[in-house]
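Chain identifiers are assigned alphabetically (A, B, ...) following the order of the sequence lines, protein sequences preceding nucleic acid strands; residue numbering begins at 1 within each chain.
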There are 2 protein chains.
Amino acid sequence: MNRKATALDVAKLAGVSRSAVSLVLNGRGDGNVAKESQDRIRAAALELNYSPNAIALSLRNQRSRVIGILSDEVVVSPFDGNIIGGADDIARSRGFVTVVMDTERDSARDAGAIETLLDRQVDGLMYVTVGLKPIDVPQGMLRVPSVLANCYDALPQPQLHHVIPDEVTGGREAAEHLLQLGHLDIALLAGDEDSPAAPLRVQGYRDAHAAANVPLRGDRIFMAGWDIDAGYRGAMKLLDGVSPAERPTAIMCANDRLAVGVTLAAARLGLSVPGDLSVMGYDDETRIADTMVPALTTMALPLREIGRAAMTTLLDAIEGTDTTGKGTTVETMVPCRLVIRESTGPAPTR
Amino acid sequence: MNRKATALDVAKLAGVSRSAVSLVLNGRGDGNVAKESQDRIRAAALELNYSPNAIALSLRNQRSRVIGILSDEVVVSPFDGNIIGGADDIARSRGFVTVVMDTERDSARDAGAIETLLDRQVDGLMYVTVGLKPIDVPQGMLRVPSVLANCYDALPQPQLHHVIPDEVTGGREAAEHLLQLGHLDIALLAGDEDSPAAPLRVQGYRDAHAAANVPLRGDRIFMAGWDIDAGYRGAMKLLDGVSPAERPTAIMCANDRLAVGVTLAAARLGLSVPGDLSVMGYDDETRIADTMVPALTTMALPLREIGRAAMTTLLDAIEGTDTTGKGTTVETMVPCRLVIRESTGPAPTR
DNA sequence: TTGAAAGCGTTACCAG
DNA sequence: CTGGTAACGCTTTCAA
C-alpha cells in the first residue's frame, strides 16, 4: 500500500529535473535532453515502475482519454454486453479507456451519473441500452461529444448521433428466409407493444409477405411478450388441437426466448422441429440460440458492431478526425445477420 | 460545451475569496465565515450551477471516492450482473461511485486495467467474476484496499478477503429438497470438471444422500457441461428407452440451462414434469428459471448479496469503520436460497 | 541542454 | 472572522 513513484522520484533517481523526465517519457526528448540522460531517465522510470498519475494529467491537460459509458441495464441484466465490448475494443485500440456506470433501469439516476462522469473529465459519453428504445437525453451529454448506442433521442429534433440495428430489414430477411423455404403460413410472435423494436420487426415481416405476394392472415400476429412462457402459450394457442391443415408451418419469434417456448410446446404436442414446424428466433442470444436442440435459426443483432460503430463515431468527433462527414449524419443503421441453424427447414408438404 | 464554473467563479460572483467558498460549501462555514457571506456564496454557487471538479478534488485529497470494479466478463457475458448491482447499491448509499472495466475473459488485460484504475486514484478495488473461480490476483490490487467477489486468490496464502456463495450447502439443500419429496433415485448433471463450483455442488449432493441414508448410484453423476444441449443429451441418456423402473425420478442440474435441456428432452419423450420426472435447476437465472414451463425449482445464487457483502467489507476497510473484526477474516460465505417453483414434485409411486 | 516557474481546481493551514 | 498561500503531480514555456 505504499505510494506510487512520481515523476519527481524518477528525476531524483536519474539525477535530472522533473521537466526532463516529462519530455523524455513523452517522446520529445530528442533535441532537448542529452542522449545519456534520456537513457538514465528511462532506466529509472522502469526501475520505479513509474507511470504518470492520470489524475494530475487530466487536471493539467483538461482531458482524460476516458470515455464514460452510461448503461440502462446492460451490466446487470441477463443480456449480453457486446455493445460495450465492441465499444471498448475500439476505444482501447485508439488509446482510450472506457468506464461503465449502470443505472439499473432507473432513469432518474441518469443525470447524476452523467454529472459524476463529467466531473471526472471524461472526454466523451456514450449512452447504451439493452433493447432499442427512445431516451430522454440527459442535459449533461451535450457538454461533451456524445453518442447513443441502441437507443435514440426521443425529441423531434435529435441532437446526438445514434447507432441502431436495422430492425425492419432484419424482420424482413427473417421472414424471407422462411418464405424461401416454401412456408406460406407463417405466424409471428411479435414481442410487446411497448418496445419500439417489435413493430419494426412486424413491419419487416409484412414487407416480406408483400414482396413475395403471399397473403397475410391478420390473426397470425401475436403481441405475446418476450419470455419463454409467452412463447409457449402463443404456440399452444396456434397449435394445440388444430388440424395440420389449419396449423402455421412456421413460427417466427421476435426473440430467442420465445422460440425456446415454442420449441418446448411443439415437443409436448409431439411435433418435430423443423419437420412439422419451423421455428425462427431473433437476437442470437449467446448460449441460447446456439445450444438449443435443435439449434435455433435466428436473426443476429449486431451488438458488437453497434458498439464499434458508435465508439468510432464518437472518437472521430473527439479527435477531429471526422473526415467522413458523418458528423452531419444523425443516424447509423447496422444490418442484422441471418444465422441459419437447424430449427428451420422446408415447409411440410400437405 | 462551455466550461464549467469553478470555485473561483463563485468567489468572484459572491465577492469573497476561494477559501471562503470552499469552507461554506463543505459545511464548515459557521464560525469561519460571516452569515451574510455564506448566503451570498450559496446563492452564487446555485446560480452558476457549481459543483466541485472531482479531478482536482482527487488530486488534492489523494482520494476519489471511486471504487474500481474489474470484471472478467460480467459485463459482456449473458449472465446477469447482479453482483455489480449489489456492490453499486452499497457504494452509492455510502457516497462512493463505482466504475467498471471488463477484460472480456482476457486475464492478460488484468494488470493493465488495474493500473489504469489505480492511476485514477480509485480508493479501492473489487475483482468480480461470472462464475466461482480462482484467480491470480493482479499485483496492483495489493496497493489499495481490495476485495474479491465470486472468486478467490489461487495462492495458498491468500492476501485478500473474498466473498463467495456456499456451494456445498447449496448442493446439499437442493438434493435435500428432492429427497424430502420422496425421490430415491436422483441423477445429477454436474456441469464441468474445470469449474470449481461443480465439484462443490456434487459434494453437497453426496452429503445430502449420506445424511438421509439414501444409497448413491455411482453412474448417476454426469459431468455434462453447462448448456442446453448438454442437458438434453444427458437426459436422453438417462431416460430414452429406459423402463420407468430404471429411470431416475428426478434430475438435479448444476444450472438452469441444463434444466431447460432436460425439460425439453422429457417433453420429446412424452414425460411430464414434474409428474413423471422432477427437474431441478441451479442459479435462478433471470428470465429463464422463472419463465420456464413449468417454472423451474432452483437454487438461487445470492449474487446481489455477494456484491453487497463484498462492497461492505471493502468500504469498511477503506473508511476504517471495520469494527466487526472481519478485517482479519479472509472468507465470507453467502448461503444460496432454495426457490421452489413447479418443476419438482413428489416422486411418482412405482 | 537544462532547470525554474506557472497553472490546472481544490482544500488546509496560517497569518492578519 | 478573513483572505492569501502552499500543495497534490503533471506538462509546458521561458530563461539561463
Side-chain angles (χ1 to χ4, degrees), chain A residues 2-41 44-45 48-66 115-116 118-123, chain B residues 2-41 44-45 48-66 115-116 118-123 143-144:
Chain A
N2 44 34
R3 232 178 81 275
K4 257 191 64 169
T6 74
L8 184 58
D9 298 326
V10 177
K12 272 195 276 196
L13 183 59
V16 299
S17 77
R18 286 211 288 295
S19 353
V21 173
S22 173
L23 283 175
V24 172
L25 265 29
N26 287 305
R28 268 170 309 121
D30 289 343
N32 286 313
V33 179
K35 270 271 180 307
E36 196 194 40
S37 302
Q38 295 198 28
D39 292 340
R40 276 209 315 282
I41 290 172
L48 296 177
N49 191 18
Y50 169 77
S51 73
N53 179 313
I55 292 283
L57 252 170
S58 302
L59 187 59
R60 170 70 232 223
N61 297 340
Q62 302 291 55
R63 35 185 211 69
S64 58
R65 300 198 79 77
V66 173
E115 283 309 319
T116 298
L118 246 21
D119 284 344
R120 310 210 79 78
Q121 305 270 39
V122 292
D123 293 343
Chain B
N2 44 36
R3 232 179 79 277
K4 260 192 61 170
T6 75
L8 184 57
D9 298 325
V10 176
K12 271 195 276 196
L13 182 59
V16 299
S17 77
R18 289 211 288 294
S19 348
V21 173
S22 170
L23 283 175
V24 172
L25 265 31
N26 288 304
R28 269 170 309 121
D30 289 344
N32 288 313
V33 179
K35 270 269 181 308
E36 198 194 39
S37 302
Q38 294 198 29
D39 292 340
R40 278 209 314 282
I41 290 171
L48 296 177
N49 191 17
Y50 169 77
S51 73
N53 179 312
I55 294 282
L57 250 169
S58 302
L59 186 58
R60 170 68 236 221
N61 297 338
Q62 302 290 56
R63 37 184 209 69
S64 58
R65 301 198 77 78
V66 173
E115 283 310 318
T116 299
L118 246 22
D119 284 343
R120 310 209 79 77
Q121 305 270 40
V122 292
D123 293 343
R143 302 174 54 89
V144 294

Exercise. May I ask you to decide if B/Val33's main-chain N or O and B/Gln38's side chain share a donor-acceptor pair within less than 3.5 Å?
Key: yes

Practice problem: First locate atom OG of B/Ser51, then atom CG of A/Leu118, and finally report the distance between them rounded to the nearest 0.5 Å. | Solution: 8.5 Å

Quiz prompt | Rounded interatomic separation in angstrom, taking CG from B/Leu23 and P from D/dC1 | solution = 13 Å

Self-check item: Axis deviation across the helix from C/dT1-D/dA16 to C/dG16-D/dC1, five-pair ends, to the nearest 10°
Solution: 70°

Quiz item: Can you tell me how far C1' of D/dG9 sits from CG of B/Leu59, to the nearest Å?
Solution: 6 Å

Quiz prompt | Steps toward side chain to side chain donor-acceptor pair (under 3.5 Å) verdict (A/Ser58, A/Arg120) | solution = CA-CA 9 Å; A/Ser58 302; A/Arg120 310 210 79 78; over 6 Å; no

Exercise. Compare the minimum distances between each of C/dT10, D/dC10, C/dG3 and the side chain of A/Pro52, then state the nucleotide with the smallest one.
Key: D/dC10

Quiz item: Rounded to whole angstrom units, what separation is found between the CG atom of A/Asp119 and the C1' atom of C/dC8?
Solution: 15 Å

Quiz prompt | Shortest non-hydrogen contact between B/Leu59 and A/Ala56, atoms and distance | solution = CD1-CB, 4.0 Å

Exercise. May I ask you to verify if any side-chain N or O of A/Arg28 is less than 4.0 angstrom from the OP1 or OP2 atom of D/dT12?
Key: yes

Quiz item: Atom NZ of B/Lys12 and atom CG of B/Leu48: how far apart are they, to the nearest 0.5 Å?
Solution: 10.5 Å

Practice problem: Tell whether A/Ser19 reaches the base of C/dA4 with its side chain through a donor-acceptor pair below 3.5 angstrom. | Solution: yes

Quiz item: At under 4.0 Å between heavy atoms, what does A/Ala20 touch on the DNA or RNA strands: base, sugar-phosphate, or nothing?
Solution: nothing

Quiz item: How close or far is atom P of C/dG9 from atom CG of A/Leu118, stated in whole angstroms?
Solution: 14 Å

Quiz prompt | Under 3.5 Å side-chain donor-acceptor pair for B/Thr6 and B/Arg18 | solution = no

Quiz item: With respect to the side chain of A/Arg18, which nucleotide from D/dT2, C/dG3, D/dC10 is positioned closest?
Solution: D/dC10

Practice problem: With the side chain of B/Gln62 defined as its heavy atoms from C-beta on, choose the nearest nucleotide among D/dG9, D/dT2, C/dT2. | Solution: D/dG9

Practice problem: Would you indicate, yes or no, if C/dC8 has its OP1 or OP2 atom less than 4.0 angstrom from a side-chain nitrogen or oxygen of B/Asn53? | Solution: no

Quiz item: OP1 or OP2 of D/dG9 less than 4.0 angstrom from a side-chain nitrogen or oxygen of A/Tyr50, does that happen here?
Solution: no

Quiz prompt | Closest nucleotide among D/dT11, C/dT2, C/dG9 to the A/Asn61 side chain | solution = D/dT11

Quiz item: Between B/Arg63 (CZ) and C/dT11 (P), how many Å, whole number?
Solution: 11 Å

Quiz item: Where the side chain of B/Arg60 is concerned, which of C/dG9, D/dC10, D/dT2 is the nearest nucleotide?
Solution: C/dG9

Practice problem: Would you give the length of the straight line joining atom CG of A/Asp119 to atom CG of B/Asn53, rounded to the nearest 0.5 angstrom? | Solution: 6.5 Å

Quiz item: Over how many whole Å does the gap from B/Leu25 atom CG to C/dA12 atom C1' extend?
Solution: 16 Å

Quiz item: Measuring from A/Asp9:CG to A/Asn49:CG, what's the distance to the nearest 0.5 Å?
Solution: 12.0 Å

Quiz item: Are B/Asn26 and C/dT11 close enough that a side-chain N or O sits under 4.0 Å from OP1 or OP2?
Solution: yes

Quiz item: Please give, in whole Å, the distance from D/dT2 P to B/Lys35 NZ?
Solution: 11 Å

Quiz prompt | Nearest-Å distance for atom pair CG/P, residues B/Asn32 and C/dA12 | solution = 12 Å

Quiz item: Under 4.0 Å between a side-chain N/O of A/Ser37 and OP1 or OP2 of C/dT2, yes or no?
Solution: yes

